[in-house]
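Just so we're on the same page: letters track the sequence lines, and every chain starts at 1.
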Protein chains: 2
Amino acid sequence: MPEIPDSDTFLASDAFAADLLRGHTDTIVLAVLSQGESYGFEIFKTIRDATGGAYEIKEATLYASYRRLLKDGLVEAYWGDETQGGRRKYYRITDAGRAVYHDNVSAWEITRGLIDTLLELGKAARPGGTRPGRRP
Amino acid sequence: MPEIPDSDTFLASDAFAADLLRGHTDTIVLAVLSQGESYGFEIFKTIRDATGGAYEIKEATLYASYRRLLKDGLVEAYWGDETQGGRRKYYRITDAGRAVYHDNVSAWEITRGLIDTLLELGKAARPGGTRPGRRP
DNA sequence: CACTAGTACTTTATCTGTTACAGTACTCGA
DNA sequence: TCGAGTACTGTAACAGATAAAGTACTAGTG
């Protein structure tokens, strides 16, 4: 589950937060890789740091995403040539990946507007929130 | 899957769009019910009309949401007293439901900002999108 | 009367992204 | 030697979404 250590609002339900973020992982990874090649754990840290530590994506989620992106040809991978420490698998976005990234960002902008519109329905409620003419 | 008949961007992947909207169904229903009591099919229509027909939530999804909301005590239900046509099950939001609605809207506002931040990482990429110092 | 479409509600099996958990491997500091 | 951190991999379980099938009722048409 996404962890947002300093947000009481979020911590009310990590499972709930995870569902709100579901489906964005691949696009987030593509965004990070648009900046430049990176290896798995570094991507994890980039995402965590980009939100000031407020949010992190679980490793299992990220590595599952890398596998999907590879399968779909949206990224390429190669092993780093480290002589020390753990071996690092680097990922590089492909042209197809860049196109999908931009498409997904567009889709997100539309979806964001839809959700805003739908959630604002409740803000339009009159005080007391009930219409006349209904059975108790 | 959510249907957005007139949006080519969205129709690229309904499954993708569904994942972006996942987790919002309960909150959307609570938003509609904050305006006043309503029956199942009417809620369906309210949501579809609020987006100009661009988006609809499948009936199976909505009725599953009603069940969850009932189970959690966020709404109450009663049968209408129709003498004609199909019987209608009306739903009314509870005080607990209103509280959860507001909490979820707050959570959404935070999540929206996070996603915007993370997806913008790709916008910061330099032309060509690669950093020096990495193996080809 | 029969049929179709729309309205209205219900249930089940399937799908899939997420992730807890377990595992492997390597380095560094106590 | 041990624990923590870095780094990668795989599996089983979870839960929201929904296709599909089902029930029931009305209105319009042939």
Legend entry - Residues in side-chain hydrogen bond (donor to acceptor under 3.5 Å, both in side chains) contact with B:Ser65, at least two apart in sequence or another chain: B:Asp26
Legend entry - Partner set under side-chain hydrogen bond (donor to acceptor under 3.5 Å, both in side chains) for B:Thr25, not counting sequence neighbours: none
Inset, instruction - State which of C:dC21, D:dA17, D:dC8 makes the closest approach to the side chain of A:Ala60. - result: C:dC21
Inset, instruction - List in chain and number order the residues that pass side chain to side chain contact (heavy atoms under 4.5 Å, CB included) with A:Asp116, two or more places apart in sequence or in another chain; answer none if no residue qualifies. - result: A:Arg112, A:Glu120, B:Trp108, B:Arg112
Legend entry - side-chain contact (heavy atoms from CB on, under 4.5 Å), paired with A:Val29, selected from A:Leu33, A:Thr27, A:Val32: A:Leu33
Pull out every protein N or O sitting under 3.5 Å from an N or O of nucleotides 13-15 of chain D, one pair per line with the distance.
residue: D:dA15; atom: N3; partner: B:Arg22; partner atom: NH2; Å: 3.3

Legend entry - Residue closer to the 5' end of DNA chain C, A:His24 versus B:Ala64 (nearest nucleotide): B:Ala64
Inset, instruction - Check every strand shown and say whether A:Ser65 touches a base, only sugar-phosphate, or nothing at a heavy-atom separation below 4.0 Å. - result: nothing
Inset, instruction - Using side chain to side chain contact (heavy atoms under 4.5 Å, CB included) as the criterion, list what pairs up with A:Arg67, not counting sequence neighbours. - result: A:Tyr63, A:Ala64
Legend entry - Integer-rounded Å distance: D:dG10 C1' and A:Lys58 NZ: 18 Å
Inset, instruction - Name the closest nucleotide to the A:Tyr63 side chain, picking from D:dA7, D:dA19, D:dG10. - result: D:dA7
Legend entry - Shortest side-chain distance from A:Phe41, nucleotide among D:dA17, D:dT6, C:dT12: D:dT6
Inset, instruction - Taking only the side-chain heavy atoms of B:Thr61 (C-beta and beyond), determine which of D:dT18, C:dC9, D:dC8 contains the nearest atom. - result: D:dT18
Legend entry - Any donor-acceptor pair under 3.5 Å from B:Tyr66 side chain to B:Gly40 backbone: yes
Inset, instruction - Consider the side chain of B:Tyr91, meaning its heavy atoms from C-beta on, and name the nucleotide among D:dA7, C:dA20, C:dT10 that approaches it most closely. - result: C:dT10
Inset, instruction - Please list, chain by chain and in numerical order, all residues satisfying side chain to side chain contact (heavy atoms under 4.5 Å, CB included) with A:Thr117, sequence neighbours excluded. - result: none
Legend entry - Closest-nucleotide ordering on DNA chain C, the 5'-leading residue of B:Arg67 and B:Lys45: B:Lys45
Inset, instruction - Would you mind reading off the distance between B:Tyr90 atom OH and C:dT7 atom C1', rounded to a whole angstrom? - result: 13 Å
Inset, instruction - Mind checking side-chain hydrogen bond (donor to acceptor under 3.5 Å, both in side chains) for A:Glu109 and listing every partner two or more places apart, or none if nothing turns up? - result: none
Legend entry - Value in whole Å for how far the P atom of D:dG5 lies from CZ of A:Phe44: 12 Å
Inset, instruction - Rounded off to whole Å, could you give me the OH-to-P distance for the B:Tyr39 and C:dT7 pair? - result: 9 Å
Legend entry - Spacing of A:Asp26 atom CG relative to C:dG17 atom C1', expressed in whole Å: 9 Å
Legend entry - B:Lys89: side chain to side chain contact (heavy atoms under 4.5 Å, CB included) partners, not counting sequence neighbours: B:Ala77, B:Trp79, B:Tyr91
Any N/O pairs under 3.5 Å between the protein and nucleotides 25-27 of chain D? List them or say none.
residue: D:dA27; atom: OP1; partner: B:Gln84; partner atom: NE2; Å: 3.4

Inset, instruction - Report the nucleotide, chosen from C:dT10, C:dT18, C:dA8, that has the shortest atom-to-atom distance to any side-chain atom of B:Lys89. - result: C:dT10
Legend entry - Main-chain N/O of B:Gly73 paired with B:Thr94 side-chain donor or acceptor, under 3.5 Å: yes
Legend entry - Protein-nucleotide distance (B:Arg48, atom CZ; C:dA8, atom C1'), rounded to Å: 14 Å
Legend entry - d(NZ, B:Lys71; C1', D:dG16) in whole Å: 12 Å
Legend entry - Atom-to-atom span, CD1 of B:Ile47 to C1' of D:dA17 - whole angstrom: 14 Å
